[in-house]
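What follows is a set of notes on a single structure, which appears directly below.
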Amino acid sequence: MTSPVEPMELRTAYGRIYDWFRRNVSSLEEQEESDYKTSSLNLVQHLPPPDQATDLEMRAVLAEVVGGLFECGYSGSDGHHKMFEYAHAATSHYPSKYSLRPEDIEDLRSSHLWPYLSPARNERQNAEDPVLLSRRGQ
């Protein structure tokens with residue numbers, strides 16, 4: 001049984017999550033074909049290395065672990081802790097915890113990671129949704 005995760009630096013937690021997803025990408029590849037699988041694999045392939053990621057990019061990836069394209073690794077463990085535990089341990093001191101605020105999402109638009117994150121994916125899906133388009137009169 002693992003011990004509780006102490007609060008940790010954002011870059012440390014991101015590094016552990018980054019390494020876990022890089023080592024376990026085959027579990028994603030084995031999933032049934034879906035938009036979720038494709039989007040998740042794209043995100044793994046475009047993750048910036050820990051020494052190159054900005055704080056906001058790292059927080060965005062941790063948000064994906066808790067409730068986005070990396071939920072598939074939520075309970076994944078590196079033998080020490082589960083990925084969601086790292087996400088919570090690194091973001092517990094932020095007012096919004098692991099969630100992204102609207103201003104964070106706006107700032108992420110200039111990141112090379114933006115097209116692969118859930119907020120961008122959701123925007124694309126909403127733009128193509130026939131029900132939403134009909135409500136807008138388009």
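Atoms considered below: every heavy atom in the structure, side chains included; atoms not considered: hydrogens, waters and symmetry mates.
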Which pair of heavy atoms, one from [X] and one from [Y], lies closest together, and at what distance?
X      : Y      : answer
Tyr86  : Leu62  : O-CD2, 4.4 Å
Gly76  : Trp20  : CA-CZ2, 3.5 Å
Ala63  : Leu100 : CB-CG, 4.3 Å
Ser77  : Gly79  : OG-N, 3.0 Å
Ala53  : Glu57  : CA-OE1, 3.5 Å
Arg121 : Ser39  : NE-OG, 3.2 Å

Inset, instruction - Determine, step by step, whether Glu123 and Arg109 satisfy the salt bridge (Lys or Arg N to Asp or Glu O under 4.0 Å) criterion, reporting the C-alpha distance in whole Å, the side-chain angles of both residues, the deciding distance to 0.1 Å, and the verdict. - result: CA-CA 12 Å; Glu123 279 184 4; Arg109 290 177 188 280; 2.4 Å; yes
If the threshold is 4.0 Å, N to carboxylate O, is there a salt bridge linking [X] and [Y]?
X     : Y     : result
Glu64 : Arg59 : no
Arg23 : Asp78 : no
Arg22 : Asp19 : no

Legend entry - Sub-4.5 Å side-chain heavy-atom contact between Tyr18 and Pro48: no
Inset, instruction - May I ask you to check whether over 12 heavy atoms, not counting those of Glu9, lie within 6.0 Å of atom CD? - result: no
Inset, instruction - Verify, without hydrogens or angle tests, whether Gln52 (side chain) and Pro49 (backbone) share a donor-acceptor contact under 3.5 angstrom. - result: no
Legend entry - Main-chain N/O of Ser34 paired to Thr38 side chain as donor or acceptor, under 3.5 Å: yes
In Å and rounded to the nearest 0.5 Å, what is the [atom1] to [atom2] distance from [X] to [Y]?
X      : Y     : atom1 : atom2 : answer
Ile17  : His81 : CD1   : NE2   : 12.0 Å
Asp104 : Asp55 : CG    : CG    : 11.0 Å
Tyr14  : Met8  : OH    : CE    : 15.5 Å
Met83  : Tyr74 : CE    : OH    : 12.5 Å

Inset, instruction - Run the numbers on Asp51 and Arg11 for salt bridge (Lys or Arg N to Asp or Glu O under 4.0 Å), then give the verdict. - result: CA-CA 8 Å; Asp51 63 340; Arg11 196 164 304 279; over 6 Å; no
Which donor-acceptor pairs under 3.5 Å do side chains of residues 26-33 form with protein atoms, sequence neighbours excluded?
residue : atom : partner : partner atom : Å
Ser27   : OG   : Asn24   : O            : 2.7
Glu33   : OE2  : Lys37   : NZ           : 2.7

Legend entry - Derivation of the side chain to side chain contact (heavy atoms under 4.5 Å, CB included) call for Thr54 and Leu113: CA-CA 11 Å; Thr54 67; Leu113 204 52; over 6 Å; no
Inset, instruction - If the plane angle is over 60° it's perpendicular, under 30° parallel, otherwise tilted; pick one for Tyr116 and His46. - result: parallel
Legend entry - Phe84 and His88 aromatic ring geometry - parallel, tilted or perpendicular at 30°/60° bounds: perpendicular
Inset, instruction - Dump the intermediate steps for side chain to side chain contact (heavy atoms under 4.5 Å, CB included) on Leu117 and Leu108, then the final yes or no. - result: CA-CA 9 Å; Leu117 295 171; Leu108 278 166; 4.0 Å; yes
Inset, instruction - Given side chain to side chain contact (heavy atoms under 4.5 Å, CB included), test Val25 with Phe21 step by step and report yes or no. - result: CA-CA 6 Å; Val25 72; Phe21 274 98; over 6 Å; no
